[in-house]
Every structure is written in structure tokens, then in C-alpha cells.
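The structure presented is a predicted model; accordingly, all values stated were derived computationally and were not measured. Order of appearance sets the numbers: ligands from 1, and atoms from 1 within every ligand.
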Amino acid sequence: MNENKTNINWYPGHMAKTKRLISENLNLIDVVYEVIDARIPFSSKIKDIDELLKNKKRILIMTKYDLCDKDETNKWVKYYESLGYKVLCLDLEKTTNLSNLINLTNSIMEEENNKRIEKGLQKRKTRVLVVGIPNVGKSTLINRLSGKKVANVGNAPGITKNLSWIRVSNDVELMDTPGILWPKFDSEEISLNLASLTAIKEEVLPIDRVVIYILNMLDKYYNNILQDRYGIEHVDNDEIEETLEAIGKKRGCLVRGGIVDYDKVYSVVMNDIKNGIIKGITFDRV
Ligand SMILES: Nc1nc2c(ncn2[C@@H]2O[C@H](COP(=O)(O)OP(=O)(O)OP(=O)(O)O)[C@@H](O)[C@H]2O)c(=O)[nH]1
Ligand SMILES: [Mg+2]
């Protein structure tokens with residue numbers, strides 16, 4: 001896939017501004033929840049995040065655990081743990097009990113709070129920054145922690161527009177932030193992974209290339225999904241029209257005269273991913 005580069009890029013001004021505002025507010029932060037997508041545990045990790053967060057204490061949260069390939073994602077968990085990260089995997093669609101996250105956060109704060117208690121001071125309110133790529137579930141996580149809808153969420157990147165403090169309990173305040181990416185993706189694979197798993201605005205994507213990439217990834221790692229969902233055995237990149245025709249026929253993407261409408265095929269595949277109908281997939285390999 002080296003020829004025909006996609007040059008996917010999405011780094012609008014508000015992302016740079018978000019980073020600047022995070023930097024400016026960093027001294028108020030006790031703990032950072034760095035949120036990544038369990039289906040792309042490498043590609044969804046913001047590349048210049050260490051520069052941004054300095055040495056703030058962090059918990060790495062993998063959302064969408066219900067949609068990932070657990071065998072592969074669990075290898076990533078071990079990998080990040082071996083680098084010293086505290087890692088939690090969450091299915092935010094189902095999970096309402098986040099006591100493991102709360103306990104971990106409290107344990108990070110314990111040392112500081114013990115010092116305060118020794119000095120006769122009150123425990124400090126914990127202030128948490130929630131940061132990650134667009135559409136990864138940052139605001140959903142905040143809603144789960146607070147037990148009610150306090151932050152806007154939506155099935156598209158770019159829902160949260162501003163930084164805002166949200167009090168989720170007497171002891172904890174969270175800062176919700178708009179999703180951020182970085183100015184230049186290091187590889188074609190990273191940009192296609194981010195595009196495939198809906199971290200990049202669809203309007204700026206070469207949708208045909210992204211869908212063909214998704215089909216190739218399914219062919220490589222999850223061939224059964226190709227068969228069950230699209231009725232094809234393999235993706236033939238030399239005769240890609242035939243593959244798209246077959247999917248179109250199977251999924252009813254036809255226009256008058258029984259001709260397959262490729263645009264419809266592209267949106268069927270994108271929507272299958274976006275709506276979590278295709279699950280059990282992880283695109284990054286350790
Ligand atoms: N299946 C599944 N869906 C999730 C999970 N977490 C979040 N979502 C969905 O992902 C979509 C994005 O969630 P948001 O919370 O708005 O994401 P965000 O990171 O705040 O996005 P921006 O504000 O755009 O940066 C929503 O449709 C959520 O329902 C999860 O663990 N599993
Ligand atoms: Mg949000």
C-alpha cells in the first residue's frame with residue numbers, strides 16, 4: 001500500500017488550541033486519564049503526549065473493549081504494563097461500575113493526601129484531566145463516572161468543543177477536553193487505522209481507500225467476518241471492483257438496473273464499523 005498515498009491529515013486549529021489550553025491548565029491537574037481505543041492501542045495513542053503531559057501521573061484507559069479482539073488487545077495491555085503504565089480496559093457501553101478506576105485513582109492520590117493529613121490539612125479534591133483522540137469515549141467515561149449525563153457524547157469525532165471542568169463527586173473533578181490528534185501521522189498505517197475506526201472526520205477522508213484498507217485488514221486477520229458479513233472469501237486487490245460488486249450485491253447496494261453503487265458499499269462498511277456491528281477486531285499488532 002505504498003503507492004497512491006492517502007495523505008490523510010486532520011489537525012484543525014482547535015486541536016492546537018486544545019493542546020495549548022491543556023498545557024496552561026496542567027499545574028491544576030493531579031492525575032491524567034489517557035484514553036485510547038482498544039482496537040488500535042498503538043495508533044490511537046497521541047504521539048506527542050509525553051511532551052504535553054510532562055510527568056503527570058497517568059492511567060491508560062482502553063475504551064471499546066467490547067469491540068476489540070481481546071487476545072490481541074491483552075498483549076498490548078501487557079506491553080504497556082511492561083513500560084510501567086497502569087492500564088484499564090473498559091466497555092463503557094455496559095459498565096456502570098468503575099470502582100476499579102476510582103480505587104486506582106485514589107491510590108495515586110494516597111501519598112499526597114497522607115502528607116496533608118499528617119500536616120492537619122484536609123484531603124485534596126482530585127482533579128483529573130481526560131485526554132485522547134477524537135471519538136474514543138472521553139465524554140462517555142465522564143458520564144459513567146458521574147452516573148448521569150453531564151457531558152455531550154455522540155457517534156462522531158469532534159463532539160466536545162471546549163475544555164470544561166465537571167464535578168463528578170465531592171472528591172473528584174474531571175476536565176473533559178476535545179479530541180486531539182497530532183500534526184503529521186508517522187505512517188500510512190496509523191492514518192488508515194485512525195480513519196477506519198472513526199477518529200477522523202469522514203468528510204476529509206478518501207472513503208474508498210479507507211474502506212479497501214478495512215476490507216484488507218479483515219481479510220488478513222478476521223476472514224470469517226468477511227465471509228459472514230459480506231459473503232466474500234477474499235479481497236482481490238487486482239480486481240477490487242469484483243470484490244465491491246460482490247459486497248454490493250450481498251448487501252443490497254444497488255441502483256436502477258441492478259448496478260452496484262460503490263458509494264453505498266463504502267458507507268455500508270463504514271457504518272458497520274461505526275455502529276459496532278463489526279466487533280472482535282484489533283488492527284495494531286504488538
Ligand atoms: N461500544 C462502545 N462504544 C463506546 C464506548 N465508549 C464510547 N463509546 C461510543 O463512542 C462514541 C464516542 O463517545 P464520546 O464519549 O462522545 O467520545 P469523545 O472521546 O468524547 O469524542 P470527542 O468529544 O469527539 O473527542 C459514542 O457513540 C459512544 O457511545 C465503549 O467502551 N464501547
Ligand atoms: Mg467528548
Check: For atom 23 (O) of ligand 1, which candidate among D176, N155, T160 holds the nearest heavy atom?
Finding: T160
Next item on the list: Give the contacting part of P157 toward ligand 1: side chain, backbone, both or neither, where contact means a heavy-atom distance below 4.0 Å.
Entry: backbone
Note to self: Tell me the closest heavy-atom pair linking V235 and L215, and the distance in Å.
What the structure shows: CG2-O, 3.5 Å
Notebook entry, point to check: With distance as the sole criterion, is a donor-acceptor pair present between the side chains of T126 and D171 under 3.5 Å?
Noted result: no
Item checked: Non-hydrogen atom of G132 closer than 4.0 Å to ligand 1 -> no
Checklist line | Identity and separation of the nearest protein heavy atom to atom 15 (O) of ligand 1 | finding: T140 OG1, 2.5 Å
Check: Quick one: does I200's side chain get under 4.5 Å of F185's, heavy atoms only?
Finding: yes
Next item on the list: Within a distance under 4.0 Å of any heavy atom of A156, pick out the atoms of ligand 1 and give their elements.
Entry: 24 (O)
Next item on the list: I would like to know whether E188 and R209 meet salt bridge (charged side-chain N to carboxylate O under 4.0 Å, His left out); could you show each step before the answer?
Entry: CA-CA 11 Å; E188 187 80 341; R209 293 272 296 154; 3.6 Å; yes
Check: Of all the atoms in ligand 1, which lie at a distance below 4.0 Å from a heavy atom belonging to L67?
Finding: 1 (N)
Next item on the list: Tell me, with the steps shown, if E112 and K115 meet salt bridge (charged side-chain N to carboxylate O under 4.0 Å, His left out).
Entry: CA-CA 5 Å; E112 155 106 21; K115 275 190 211 151; 6.0 Å; no
Notebook entry, point to check: When you look at E81 and K86, which way does the salt bridge (charged side-chain N to carboxylate O under 4.0 Å, His left out) test go after all the steps?
Noted result: CA-CA 6 Å; E81 283 174 346; K86 294 179 165 59; over 6 Å; no
Note to self: Determine whether a donor-acceptor pair (N or O, by modelled atom type, separation under 3.5 Å) exists between the side chain of T63 and the backbone of V136.
What the structure shows: yes
Note to self: Does ligand 1 come near enough to I159 that some N or O of the ligand is less than 3.5 Å from an N or O of the residue?
What the structure shows: yes
Margin query: Can you report which non-hydrogen protein atom sits closest to atom 26 (C) of ligand 1, along with the distance?
Written below: G154 O, 3.5 Å
Notebook entry, point to check: Less than 3.5 Å between some nitrogen or oxygen of G158 and one of ligand 1, yes or no?
Noted result: yes
Notebook entry, point to check: If we ignore angles and hydrogens, is there a donor and acceptor under 3.5 Å between the side chains of D69 and Y221?
Noted result: no
Notebook entry, point to check: Taking both backbone and side-chain atoms of G137, is any N or O found less than 3.5 Å from an N or O belonging to ligand 1?
Noted result: yes
Item checked: Heavy atom of G276, distance to ligand 1 below 4.0 Å -> no
Next item on the list: Using a 4.0 Å heavy-atom threshold (strictly under), name the region of N135 that reaches ligand 1: side chain, backbone, both or neither.
Entry: both
Item checked: ligand 1-proximal atoms of A151, by part, heavy-atom distance under 4.0 Å -> neither
Check: Which part of L90 is near ligand 1, with near meaning a heavy atom under 4.0 Å away: side chain, backbone, both or neither?
Finding: backbone
Next item on the list: May I ask you to identify the nearest protein heavy atom to atom 1 (N) of ligand 1, giving residue, atom name and distance to one decimal place in Å?
Entry: D66 OD2, 2.7 Å
Item checked: Metal check, the Mg ion (ligand 2) vs N135 N/O/S, cut-off below 2.8 Å -> no
Notebook entry, point to check: Please state which protein non-hydrogen atom is closest to atom 10 (O) of ligand 1 and give its distance, to 0.1 Å?
Noted result: K64 NZ, 3.2 Å
Next item on the list: Among all protein heavy atoms, pick out the one at the shortest distance from atom 19 (O) of ligand 1; state its residue, atom name and that distance to 0.1 Å.
Entry: K138 NZ, 2.7 Å
Notebook entry, point to check: How far is atom 31 (O) of ligand 1 from its nearest protein heavy atom, and which residue and atom name does that atom have?
Noted result: L92 N, 2.7 Å
Notebook entry, point to check: What protein heavy atom sits nearest atom 2 (C) of ligand 1, and how far away is it?
Noted result: E93 CG, 3.1 Å
Item checked: For G179, the ligand 1 atoms whose distance to one of its heavy atoms is below 4.0 Å -> 25 (O)
Margin query: Would you say the Mg ion (ligand 2) has S139 as a near neighbour, meaning an N/O/S atom of that residue under 2.8 Å away?
Written below: yes
Margin query: Less than 3.5 Å apart, any donor N or O on the side chain of N223 or K220 sitting next to an acceptor on the other?
Written below: no
Next item on the list: Establish, for the pair K279 and Y222, whether the NZ or CZ atom is under 6.0 angstrom from the six-membered ring centre and no further than 45 degrees off its axis.
Entry: no
Note to self: With heavy-atom distances below 4.0 Å as the criterion, list the atoms of ligand 1 near D91.
What the structure shows: 31 (O)
Item checked: Any donor-acceptor N/O pair, N143 side chain to V150 backbone, under 3.5 Å -> yes
Check: Could you go step by step and tell me if K184 and D48 meet the salt bridge (charged side-chain N to carboxylate O under 4.0 Å, His left out) rule?
Finding: CA-CA 11 Å; K184 197 175 177 315; D48 47 4; over 6 Å; no
Note to self: Closer than 4.0 Å to some heavy atom of P134 - which atoms of ligand 1 meet that?
What the structure shows: 25 (O)
Check: Any luck finding a side-chain donor-acceptor pair between T105 and Y33 under 3.5 Å?
Finding: yes
Checklist line | K70 side-chain N/O to Y65 backbone N/O, donor-acceptor pair under 3.5 Å | finding: yes
